[in-house]
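In what follows, residues are counted from 1 in the order of the sequence shown.
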Amino acid sequence: MAGQRSSGSSRSSEARIYSARMIPDTLNRFREEALASGIPSADVERWVGTARPCVNLDCTGDGPVVGRLGGPVMLPADAPDPWCPLAASIDLAALPADATDLPLPPDGQLLLFAYPRVDWTTTSPTPNMGEVRYVPAGTPVEERQMDLILEPDDFVTRLKFPQGDLRRMKPAVSLPEHLSIIDPGPPREVKDFPEHPCAGELIEAWMEVPQGDVTHPGVQIGGYAVDELGELDPAMMAGQLASIEEDAGRRPKTGAETRPEDWVLLTQWWHGIQGLEMALFYWAISREDLAARRFDRAFATMTWNP
């Protein structure tokens, strides 16, 4: 994979052109749908103001490789072993700089590891189901032989993670598909979307807007996470779970307080794994940790509707 932003410049330019054309059209269709359902214009425009850019990557097409599902684990020789299997790796240099509103590094490799264990989805609180590694551009790496110590009857050992080069990059726009957020307070508490009394109706209107051919398996970088619950912002929920883990001593603390309200989606994994078709998996992180490239602070979780 390429290591410098310029190597994917033509692909990035094509993505920007597509994004400039598609995103306003998608939001205009949403406006039309929402207004036709009787939602006041002011409410619609406030909801449009929450839109975030994102980019979907999948294995269709014959374009340049921008990442990979599965594949070899390429890490620096002195990096510790990951504790769970590799789900995907992303060449950040191949992404247009404006593909998301996240402060991502301009280059380097992002490695996403996952442990989608279904019985953990019913554990309270849900433990971290993965990890994220960032390898800066130019860092010498070697293939890591993954000898994961998993129990023979571990559900994850029977899963077949999708494999393949991510060759299609499709910029998109993302709107919330949840009804509540964490209000920083004080006191900090879960609340219905402030200033959005029609959130449920707006989400229904968004569901009626064609989203194009998002192909699975693949990944979504940035935007809003989607889970099976549709209640609390999934990224904020991940931040809340991370905070609980810290308070219980199962996750290291930093000097700053973990603020779930500052958490955002890093990547959603559209895996299509047989037996987990209705499981929605994602990695989230606080904007502060992301800007500081503290990817070890990310938290992975999953919801599952068997």
Subject >> Whether R293 side chain and P136 backbone form a donor-acceptor pair below 3.5 Å >> reply: no
Original post:
Within the distance-only criterion (no hydrogens, no angle test), does the side chain of T301 pair as donor or acceptor with the backbone N or O of A238 below 3.5 angstrom?
Top reply: no
Subject >> Short side-chain to backbone donor-acceptor contact, H178 and Y224, under 3.5 Å >> reply: no
Original post:
Are any side-chain N or O atoms of D227 and backbone N or O atoms of G230, one a donor and one an acceptor, separated by less than 3.5 Å?
Top reply: yes
Original post:
Looking at CD1 of I39 and CG of L202, how far apart are the two atoms once the value is rounded to the nearest 0.5 Å?
Top reply: 4.0 Å
Original post:
E201 side chain to I203 main-chain N or O, any donor-acceptor pair under 3.5 Å?
Top reply: no
Original post:
With a 4.5 Å heavy-atom cut-off, do V264 and D101 have their side chains touching?
Top reply: no
Original post:
So do the side chains of L276 and V118 get within less than 4.5 Å of each other, counting heavy atoms only?
Top reply: yes
**OP:** Applying side-chain contact (heavy atoms from CB on, under 4.5 Å), run through V209 and T26 and close with a yes or a no.
**Re:** CA-CA 7 Å; V209 177; T26 301; 4.1 Å; yes
**OP:** Under the side-chain contact (heavy atoms from CB on, under 4.5 Å) rule, what do W263 and D233 come out as? Steps first, then yes or no, please.
**Re:** CA-CA 9 Å; W263 280 55; D233 180 338; over 6 Å; no
Original post:
Is a side-chain N or O of E131 found less than 3.5 angstrom from the main chain of W83, in a donor-acceptor match?
Top reply: yes
Original post:
Would one find more than 12 heavy atoms of other residues, nucleotides or ligands at under 6.0 Å from atom CD of E288?
Top reply: no
Subject >> same_hphob_cluster(Y282, M278) at 4.5 Å side-chain heavy-atom cutoff >> reply: no
Original post:
Between atom CG of L159 and atom NE2 of H271, what is the distance when rounded to the nearest 0.5 Å?
Top reply: 9.0 Å
Original post:
CD/E231 to CE/M237 distance, rounded to the nearest 0.5 angstrom?
Top reply: 9.0 Å
Original post:
Any donor-acceptor pair under 3.5 Å linking the side chain of E208 with the backbone of W206?
Top reply: no
Original post:
Got a donor-acceptor contact below 3.5 angstrom from the N128 side chain to the F299 backbone?
Top reply: no
Subject >> Inter-residue atom distance Q268.CD - C54.SG, 0.5 Å rounding >> reply: 10.0 Å
Original post:
Got a sec: does the CD of Q274 have more than 12 other heavy atoms crowding it under 6.0 Å?
Top reply: no
Original post:
Quick one: CG on D289 to OG1 on T254, what's the gap to the nearest 0.5 Å?
Top reply: 6.0 Å
Original post:
Using the ring of each side chain (for Trp, its six-membered ring), is F193 parallel, tilted or perpendicular to W47, with breaks at 30° and 60°?
Top reply: perpendicular
Original post:
How long is the span from the CZ atom in R188 to the NZ atom in K191, to the nearest 0.5 Å?
Top reply: 12.5 Å
**OP:** Mind listing the closest non-hydrogen atom pair of A51 and V173 along with its distance?
**Re:** CB-CG2, 3.8 Å
**OP:** Determine whether W304 and I273 fall in the same hydrophobic cluster, where Ile, Leu, Val, Met, Phe, Trp and Tyr are linked whenever their side-chain heavy atoms lie under 4.5 Å apart.
**Re:** yes
Original post:
How about T50 and H196: do any of their side-chain heavy atoms sit closer than 4.5 Å?
Top reply: yes
Original post:
Side-chain contact, heavy-atom cut-off 4.5 Å: S89 with R133?
Top reply: no
Subject >> Partner residues of E33 under the salt bridge (Lys or Arg N to Asp or Glu O under 4.0 Å) criterion, sequence neighbours left out >> reply: none
**OP:** Determine, using the 4.5 Å side-chain heavy-atom cutoff (strictly less than), whether M302 and I244 are members of one ILVMFWY cluster.
**Re:** no
Subject >> Heavy-atom pair with the smallest gap, counting every atom of V141 and P76 >> reply: CG1-N, 3.9 Å
Original post:
Given side chains that start at C-beta, do those of T60 and R167 come closer than 4.5 Å, heavy atoms only?
Top reply: no
**OP:** State, with a plain yes or no, whether a side-chain heavy atom of L69 is found less than 4.5 Å away from one of D58.
**Re:** no
Subject >> Contact check, side chains of P234 and L265, non-hydrogen atoms, under 4.5 Å >> reply: no
Original post:
Is the number of heavy atoms from other residues, nucleotides or ligands within 6.0 Å of CD (E195) greater than 12?
Top reply: no
Subject >> Nearest non-hydrogen partners of V219 and A88, listed with the distance >> reply: CG1-CB, 4.2 Å
Original post:
With distance as the sole test, does R251 use its side chain to make a donor-acceptor pair with the main-chain N or O of R297 at under 3.5 Å?
Top reply: yes
Subject >> Least distance between heavy atoms, R29 atom then P210 atom >> reply: NH1-CG, 3.8 Å
Original post:
What are the two closest heavy atoms between R52 and G223, and how far apart are they?
Top reply: NH1-O, 3.6 Å
**OP:** Would you please test I181 and E261 for side-chain contact (heavy atoms from CB on, under 4.5 Å) and show each step?
**Re:** CA-CA 7 Å; I181 63 169; E261 62 272 15; over 6 Å; no
**OP:** In sequence, state the C-alpha distance, the side-chain angles, and the governing distance for L166 and I90, and then conclude on side-chain contact (heavy atoms from CB on, under 4.5 Å).
**Re:** CA-CA 9 Å; L166 295 167; I90 310 298; 4.0 Å; yes
Original post:
What residues, two or more places apart in sequence or in another chain, satisfy ring pair (Phe, Tyr, Trp, His ring centres under 6.0 Å) together with F281?
Top reply: W269, W283
Original post:
Would you say the side chain of W270 lies within less than 4.5 Å of the side chain of P162, judging by non-hydrogen atoms?
Top reply: no
Subject >> Non-hydrogen atoms of R68 and D165 that approach each other most closely >> reply: NH1-OD1, 2.9 Å
Original post:
Is a side-chain N or O of S286 found less than 3.5 angstrom from the main chain of D262, in a donor-acceptor match?
Top reply: no
**OP:** Using side-chain hydrogen bond (donor to acceptor under 3.5 Å, both in side chains) as the criterion, list what pairs up with D183, not counting sequence neighbours.
**Re:** none
Subject >> Residue that, paired with T258, satisfies side chain to side chain donor-acceptor pair (under 3.5 Å) out of E246, Q240, E245 >> reply: E246
